Amino acid sequence: MAYRYRCGECSFKTSWGTESQGEQAQTTHYTDRHPGLCPGGTVEANTKNPEGSIGCLGALAVLFLLFVLAASCNR
């Protein structure tokens, strides 16, 4: 599972990562941008693929199969 933290004061959001990575990034953001305030906001959990996509290799494989299918239909 991947997590993304959103700032409660501005539009900042962390990248998807582990819970501890997101918490650290949010704490660092608050220290730099909102000194004196306790970190707040929301946490999103991505229960799907943490990568968020099929990846470059998967996309190339699908494209290759479509090319082979299109080439075989022309004969």
Side-chain angles (χ1 to χ4, degrees):
M1 188 175 327
Y3 298 90
R4 177 168 62 187
Y5 285 68
R6 291 183 178 265
C7 179
E9 313 302 323
C10 65
S11 60
F12 172 79
K13 60 184 174 188
T14 66
S15 59
W16 290 103
T18 64
E19 194 171 9
S20 61
Q21 288 171 335
E23 187 176 310
Q24 180 61 44
Q26 184 185 39
T27 302
T28 302
H29 168 75
Y30 265 81
T31 301
D32 294 343
R33 301 291 183 185
H34 312 292
L37 293 178
C38 293
T42 59
V43 180
E44 297 176 76
N46 182 359
T47 57
K48 297 179 184 176
N49 182 2
E51 298 292 320
S53 66
I54 62 172
C56 184
L57 188 59
L60 286 175
V62 169
L63 213 76
F64 177 75
L65 290 175
L66 289 174
F67 178 73
V68 169
L69 181 64
S72 66
C73 289
N74 286 336
R75 294 180 180 201

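All of these numbers come straight from a predicted model, not from anything done at the bench.
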request  = Side-chain contact test, heavy atoms from C-beta onward, threshold under 4.5 Å: evaluate it for Met1 versus Trp16 and give yes or no.
outcome  = no
Spacing of CD belonging to Glu44 relative to NZ belonging to Lys13, to within rounding of 0.5 Å = 7.5 Å
message = For the backbone of Gln26 and the side chain of Thr14, can you confirm whether one donor and one acceptor N or O come within less than 3.5 Å of each other?
response = no
request  = To the nearest 0.5 angstrom, please state how far the CG atom of Leu37 sits from the OG1 atom of Thr31.
outcome  = 10.5 Å
ask   = Less than 4.5 Å apart, any side-chain heavy atom of His34 and any of Cys10?
value = yes
task = Start with the C-alpha gap between Gln24 and Thr28, add the side-chain angles, then the distance that decides, and say whether side-chain hydrogen bond (donor to acceptor under 3.5 Å, both in side chains) holds.
result = CA-CA 6 Å; Gln24 180 61 44; Thr28 302; 3.2 Å; yes
message = Working to the nearest 0.5 angstrom, can you tell me the gap between Ser72 OG and Phe67 CZ?
response = 10.5 Å
task = Please answer whether the main-chain N or O of Gly40 pairs with a side-chain N or O of Tyr30 as donor and acceptor at a distance below 3.5 Å.
result = yes
